[in-house]
Amino acid sequence: MTFGFAPSSATSTSASVPAGSANHLARMLEPAEWASAGIPLLRNPREVVSGLHSRHHPAPATAVVAVLDHEERLTASASFARRPTVAADGWEFRNALLVQLRRVIPHDLRRRAPVRTAVLLYCRDGDERWTEEDGAWMWGLRDACTLHGLRCGAYITLTRGGWQVLGEGRGGRRPSSLSEPSLLADTVSVGDHRTAPTRSGGGAVEALRRTAAR
């Protein structure tokens, strides 16, 4: 498996790296670390990406965190914009993801093993090559899943060129960050977040209605 890399200040090591910078660099995952972490593969990543794109219409610098059940049906999801003042730090991203997860779905910490999986779709500028920002989101997703009792799932980028499941080598041209959202027939609320069910990447309408009623 091969990965592309965007120019990164993390790759130029120096003997005089400030302590804060060292901590910041420690809170990100390299592609090789992510690929060896046993992240479960999505059975149909195109449907998941298309469904989340239809629901959330993400623009650049928007993150969409979604929780899938054991049959890869969408249980809950939420989208939020990354604050431009926040550095690409996994700890900051972890906290932001936890806030959204706690809003839309109860934790599973009482279970012996996770039964639901969280995936993250991040819409950003640039191309599909891994960046330090991606590494920080990966670290944040993994840690947020641990703290919320979820299995850590795929990290997906959405750029002008299309979508890419990092660490798997799977991707496609549509949707992209420039794609128009699909038309949706119905909309329901999950927690404090409004979401619209479709056939792709999100499970059945009734499943979402049951979730919204809890």
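One-based numbering along the sequence shown.
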K.L.:
H53 and E180: which non-hydrogen atoms are nearest, and at how many Å?
P.N.:
CE1-O, 3.8 Å
K.L.:
Can any side-chain N or O of T62 pair as donor or acceptor with the backbone N or O of A59 at less than 3.5 Å?
P.N.:
yes
K.L.:
To the nearest 0.5 angstrom, please state how far the CZ atom of R55 sits from the NE2 atom of H57.
P.N.:
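Going from CZ on R55 over to NE2 on H57, the span is 10.0 Å.
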K.L.:
If you take all heavy atoms of M28 and A88, which pair is closest and at what distance?
P.N.:
CE-O, 4.4 Å
K.L.:
Can you tell me how far CD of E30 sits from CD of E132, rounded to the nearest 0.5 angstrom?
P.N.:
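Reported to 0.5 Å precision, the distance equals 8.5 Å.
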K.L.:
Rounded to the nearest 0.5 Å, what's the gap from CZ on R142 to CG on L97? Could you check?
P.N.:
13.5 Å
K.L.:
Quick one: does V115's side chain get under 4.5 Å of D69's, heavy atoms only?
P.N.:
no
K.L.:
Is any side-chain heavy atom of P58 closer than 4.5 Å to a side-chain heavy atom of S177?
P.N.:
no
K.L.:
May I have the step-by-step check of side-chain contact (heavy atoms from CB on, under 4.5 Å) for V65 and V119, ending in yes or no?
P.N.:
CA-CA 6 Å; V65 60; V119 301; over 6 Å; no
K.L.:
Going through the checks in order, is the side-chain hydrogen bond (donor to acceptor under 3.5 Å, both in side chains) test met by Y122 and D134?
P.N.:
CA-CA 8 Å; Y122 184 57; D134 294 325; over 6 Å; no
K.L.:
I want to check something: taking the side chain as every heavy atom from C-beta on, are L120 and W137 in contact at a cut-off of under 4.5 Å?
P.N.:
yes
K.L.:
Compare all side-chain heavy atoms of S77 with those of V104 and state whether any distance is below 4.5 angstrom.
P.N.:
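Contact flag for S77/V104 side chains = no.
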K.L.:
Can you find a pair of side-chain heavy atoms, one from L101 and one from L147, that are under 4.5 Å apart?
P.N.:
no
K.L.:
For residues L166 and M138, determine if any side-chain heavy atom of one lies less than 4.5 Å from a side-chain heavy atom of the other.
P.N.:
yes
K.L.:
If Ile, Leu, Val, Met, Phe, Trp and Tyr residues are connected whenever their side-chain heavy atoms lie under 4.5 Å apart, and connections chain through other members, are W139 and F80 in the same group?
P.N.:
yes
K.L.:
Parallel under 30°, tilted from 30 to 60°, perpendicular over 60°: which one fits the rings of H107 and H148?
P.N.:
perpendicular
K.L.:
Is there a side-chain contact between T159 and R124, using heavy atoms and a 4.5 Å cut-off?
P.N.:
yes
K.L.:
Which heavy atom of L109 sits nearest to which heavy atom of T146, and what is that distance?
P.N.:
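Answer, listing the atom of L109 first, then T146: CD2-O, 3.7 Å.
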K.L.:
Return the minimal non-hydrogen interatomic distance between A154 and I39, and the atom names on each side.
P.N.:
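What the structure gives for the nearest pair is N-CG2, 3.8 Å.
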K.L.:
Please determine whether side-chain contact (heavy atoms from CB on, under 4.5 Å) holds for the pair V67 and L150, giving the CA-CA distance in whole Å, both sets of side-chain angles, and the decisive distance to 0.1 Å.
P.N.:
CA-CA 8 Å; V67 180; L150 301 170; 4.2 Å; yes
K.L.:
Under 4.0 Å between a side-chain nitrogen and a carboxylate oxygen: does that hold for R27 and D89?
P.N.:
yes
K.L.:
Within a strict 4.5 Å, meaning less than it, do heavy atoms of the R46 and W163 side chains meet?
P.N.:
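R46 reaches W163 side chain to side chain.
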K.L.:
Return the CZ to CD1 distance between R170 and I156, rounded to the nearest 0.5 Å.
P.N.:
9.0 Å
K.L.:
Just verifying a value: how many Å separate L52 CG and L158 CG, rounded to the nearest 0.5 Å?
P.N.:
10.0 Å
K.L.:
Tell me the closest heavy-atom pair linking A35 and G167, and the distance in Å.
P.N.:
CB-O, 4.1 Å
K.L.:
Using side-chain contact (heavy atoms from CB on, under 4.5 Å) as the criterion, point out the one residue from H70, E72, R151 that pairs with T117.
P.N.:
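Going through H70, E72, R151 one by one, the side-chain contact (heavy atoms from CB on, under 4.5 Å) with T117 is satisfied by R151 alone.
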K.L.:
Give, for atom CG of L121 and atom OG1 of T157, the distance between the pair rounded to the nearest 0.5 Å.
P.N.:
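L121 CG to T157 OG1: 8.0 Å, rounded to 0.5 Å.
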K.L.:
Minimum heavy-atom separation for C145 to C152, with atom names?
P.N.:
SG-CA, 3.6 Å
